[in-house]
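Structure record follows, encoded as structure tokens.
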Amino acid sequence: MGKRITIDPITRIEGHLRIDVEVDGGKVRDAWASAQMWRGIEVILKSRDPRDAWAFTQRFCGVCTTVHAIASVRAVDDALALEIPLNAQYVRNIILSPMVFMTI
Amino acid sequence: MPSLSLLIIAYGTCACFGGVQAAYPNPTGAVGIGEVIGKDKLINIPGCPPNPYNLLSTVLYLLTFGRLPEMDELKRPTFAYGRRIHDHCERRAHFDEGRFAEAFGDEGHKKGYCLYKLGCKGSVTYANCSVIKFCDVGAWPIGSGHPCMGCTEPGFWDTMTPFYKHLPQGPGNIISDAEKIGGLALAGAGAVIAFHAGAGVIKKVIKGTKQESQASSSGEEKS
């Protein structure tokens, strides 16, 4: 059994993240990432208008907001088996691309 | 801690009013800071996101004048939250003329018409977004063709949703518009009509009524 390092909370992120790392002989043997705070957004989303879901979901994080929004929009698209117009796809890609630059 | 502080600034709707996690059914019992420490030393700067200039302006006000800015009953500085989005909205003229976008991407939407029918909550939301906007480039939701979600108001996740459905009742401003245009007579009926169609229809109704009354009075003369 090696040494265990715990970093909690991880800073520079929105919400809370904890990392546990098990080190043995200078090598990482195992690692765990866990979110330690639960706000219940999934519970809050129940019975609401699916068009609103993205706005709730994206509030997970104030830094990587857009990816959560797009993930939520895709989930609704998928659930309703919607076909996405090409222009909509362009708009989504344009929205996502600055996100990439912002978060690196 | 609050007793040692001169005052506390709650920044953002979560800090001010509990925010998204306080939305129904509020699984974690989230509340705003005022519920925890009391509201005596509190300044709320809500918004989701809040406007950084409102924080900056509040701090500058405190440093410059050495006193609290005037605040509303929700502890929001009135210089920033004293007027509605609607009051200074760049699309207001379209609202007054009854020109509405009926669907995203339709002709009215492309022309920049009022977003009231797409669910805009600017008429019941107190904030200065329509004046100072965001990110130093004049960007803000309504400018991009998206309705206001009312994010500076307490409980907006419950009171302003569904976001894409227009307000369930005619807000007071439509009545006051009706007053300006044609007097109080139709205000009661106007509010009901406003719920369905907005101020443009009220105008037409008022104009129509005038014409009708003229017609009927002239008819009486004839008879």
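Labels below follow one simple rule: chain letters A, B, ... track the order of the sequence lines, proteins then strands, and each chain is numbered from 1. Values in this document were obtained by computation on a predicted structure and should not be read as measured data.
Few gaps surround CD on B/Glu90; more than 12 heavy atoms of other groups in view lie less than 6.0 Å from it. Within a 6.0 Å radius of CZ in B/Arg83, no more than 12 heavy atoms belonging to other residues, nucleotides or ligands are found. With a 6.0 Å radius and a threshold of 12 heavy atoms from other residues, nucleotides or ligands, B/Tyr126 has its OH atom at or below the threshold. The local environment of CZ in B/Phe134 is crowded, with over 12 non-hydrogen atoms from other residues, nucleotides or ligands closer than 6.0 Å.
The shortest side-chain heavy-atom distance between A/Asp49 and B/Lys165 does not fall under the 4.5 Å cut-off. Side-chain contact between B/Phe163 and A/Trp54 is absent, with no heavy atoms from C-beta onward closer than 4.5 Å. You'll find the side chain of B/Trp157 stays beyond 4.5 Å of the side chain of A/Ile44, heavy atoms only.
Closest heavy-atom contact between B/Thr28 and A/Trp38: CG2-O, 3.1 Å. Nearest heavy-atom pair across A/Arg51 and B/Tyr164 is O-CE1, 3.3 Å.
Both the backbone and the side chain of B/Cys48 come within contact range of chain A, judged by heavy atoms closer than 4.5 Å.
Among residues 15-27 of chain B, the residues having any heavy atom closer than 4.5 Å to a heavy atom of chain A are, in sequence order, B/Val20, B/Gln21, B/Ala23, B/Tyr24, B/Pro25, B/Pro27.
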